[in-house]
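Below you'll find the structure, written out as structure tokens, and then a few comments.
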Protein chains: 2
Amino acid sequence: MPEPLDPDMFTGCPPVASPIRIGDKWTAKIVRSLESGPRRFTELQTVLRGITPKVLTESLRAMERDGLLTRTAYDEIPPRVVYELTDLGRSLLEPMNAGCEWARKHLSELIDARKSWHAAT
Amino acid sequence: MPEPLDPDMFTGCPPVASPIRIGDKWTAKIVRSLESGPRRFTELQTVLRGITPKVLTESLRAMERDGLLTRTAYDEIPPRVVYELTDLGRSLLEPMNAGCEWARKHLSELIDARKSWHAAT
DNA sequence: CCGAATCCGAGCGGATACTG
DNA sequence: CAGTATCCGCTCGGATTCGG
């Protein structure tokens, strides 16, 4: 099990920062959160600030259905459920990194364009 | 001005075929439509089957605001307006192609996973 | 601790009609 | 031709509550 996730790893990443999206609103962030190893439900809930259990469950179920991750439930008290990327899910990191590289290179241009457009109105 | 766009260039491209999305629902397709050169409003409306003028206008305005394309209106009767990618907009093709390559490689796995999940319920 | 169930507001995107 | 104006359904995502 890898080191704890930084609870602030997504602060300062508003939607405008990722013009390239993977699937729905949360899929990409979940993939990132699982990049360094399997994680528990609560860990994901913590790092994905503000996500409700319902939405997190929905997102995880959809990704499980698409073969992007696996769900492993241990029959213990208290219960423990662990999510882990499949090879398919991990392969998403490649196009995601391409998107991140684009953002690093060009996001400031996009922000500037938006600013100067705002100024012209 | 390049050759006419194939009206069917997006048929057979349901949302499931593009797990990687650029911005909103239409941005990526508009970028593709403008890849080979500037296009008129009606041309875009034709290839983007089913898009209403309102939504197309909104999408184009948003992309213009973000510096992804330029809008050029000629003062003629009948009116003529031409949209063209900026360098910034064209640079989006790079991460988009990365996404397409991912889809070509792995989409069948995703479809299979979805099928076998359906079978297990 | 890990969800399921229920309810709900907001906004995206669309249908339709109309205009310079 | 290239939009604008108006109306609206529907889905996304969240709040809250409850259960095993």
Side-chain angles (χ1 to χ4, degrees), chain A residues 1 4-5 7 10 13-16 18-19 21-31 33-34 38-66 69-84 121, chain B residues 1 4-5 7 10 13-16 18-19 21-30 33-34 38-66 69-84 117 121:
Chain A
M1 196 75 89
L5 290 175
F10 290 128
C13 292
V16 66
S18 54
R21 300 182 293 165
I22 309 283
D24 69 350
K25 182 176 179 178
W26 299 103
T27 304
K29 288 185 176 181
I30 292 174
V31 171
S33 303
L34 295 176
R39 297 290 176 183
R40 301 186 57 176
F41 187 89
T42 310
E43 288 184 284
L44 296 173
Q45 200 177 5
T46 301
V47 64
L48 302 171
R49 294 290 180 83
I51 193 173
T52 57
K54 172 201 168 190
V55 175
L56 180 54
T57 299
E58 286 173 353
S59 304
L60 291 169
R61 288 282 184 278
M63 294 173 69
E64 187 189 4
R65 182 173 60 98
D66 287 347
L69 52 78
T70 59
R71 178 183 183 274
T72 310
Y74 297 90
D75 212 1
E76 306 170 353
I77 301 291
R80 186 165 59 97
V81 180
V82 167
Y83 298 90
E84 185 170 14
T121 52
Chain B
M1 195 76 89
L5 290 174
F10 289 129
C13 292
V16 66
S18 56
R21 298 182 294 165
I22 310 282
D24 69 349
K25 183 176 179 180
W26 299 103
T27 303
K29 288 184 175 182
I30 291 174
S33 302
L34 295 176
R39 297 290 176 182
R40 302 184 58 174
F41 188 88
T42 310
E43 289 184 284
L44 296 173
Q45 201 177 4
T46 302
V47 296
L48 303 170
R49 295 288 180 85
I51 194 174
T52 57
K54 172 201 167 191
V55 175
L56 179 55
T57 299
E58 285 173 355
S59 303
L60 290 169
R61 289 281 185 280
M63 294 173 69
E64 186 189 5
R65 182 173 60 98
D66 287 348
L69 52 78
T70 60
R71 176 183 184 274
T72 309
Y74 298 90
D75 211 1
E76 305 171 352
I77 301 290
R80 186 162 59 97
V81 180
V82 166
Y83 296 91
E84 185 170 15
W117 184 92
T121 51

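Note that the coordinates shown come from a computational prediction; the quantities given were computed from them, not determined experimentally. Convention: sequence-line order gives letters A, B, ...; per-chain numbering from 1.
- Remark: C1' of C/dC1 and CD of A/Glu43 are 13 Å apart, rounded to the nearest angstrom.
- Scored by the side chain to side chain contact (heavy atoms under 4.5 Å, CB included) test, B/Thr42 finds B/Thr46 as partners (sequence neighbours excluded).
- As a whole-Å value, the separation of A/Trp26 CH2 from D/dG13 C1' is 9 Å.
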| request: Scan nucleotides 3-9 of chain C nucleotide by nucleotide, 5' to 3', and note B when protein non-hydrogen atoms come under 4.0 Å of the base, S if they reach only the sugar-phosphate, - if neither. | output: BSBBB--
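- For A/Asp24, the salt bridge (charged side-chain N to carboxylate O under 4.0 Å, His left out) test picks out no residue, with sequence neighbours left out.
- Checked against D/dA2, C/dC1, C/dG14, the side chain of B/Lys25 finds its nearest nucleotide in C/dG14.
- Distances shorter than 4.0 Å separate none of the side-chain N or O atoms of B/Arg40 from OP1 or OP2 on D/dC1.
- Here D/dA15 presents its P atom at 11 Å from CD1 of A/Ile51, a figure rounded to the nearest Å.
- For B/Pro79, the side chain to side chain contact (heavy atoms under 4.5 Å, CB included) test picks out no residue, with sequence neighbours left out.
- Counting to the nearest Å, the C1' atom of C/dG13 and the CZ atom of B/Arg21 are 13 Å from each other.
- For B/Val47, the side chain to side chain contact (heavy atoms under 4.5 Å, CB included) partners are B/Leu5, B/Met9, B/Ser33, not counting sequence neighbours.
- From A/Met63, atom CE reaches atom CD1 of A/Ile30 across 5.0 Å, with rounding to the nearest 0.5 Å.
- In this structure, the CD atom of A/Glu58 is 8 Å from the P atom of D/dG13, given to the nearest Å.
- By the side-chain hydrogen bond (donor to acceptor under 3.5 Å, both in side chains) test, B/Arg61 is found to be paired with no residue, residues two or more places apart in sequence or in another chain being considered.
- Rounded to whole Å, atom C1' of D/dC1 lies 13 Å from atom CG of B/Leu56.
- With rounding to whole Å, B/Leu48 atom CG is found 13 Å from C/dG13 atom P.
- When distances are taken from the side chain of A/Thr52 to each of C/dC1, D/dA15, C/dT16, the shortest belongs to D/dA15.
- To the nearest angstrom, C1' of D/dA15 lies 13 Å from CD of A/Gln45.
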| request: Would you check, one step at a time, whether the test side-chain contact (heavy atoms from CB on, under 4.5 Å) holds for A/Leu44 with A/Leu56? | output: CA-CA 8 Å; A/Leu44 296 173; A/Leu56 180 54; 4.1 Å; yes
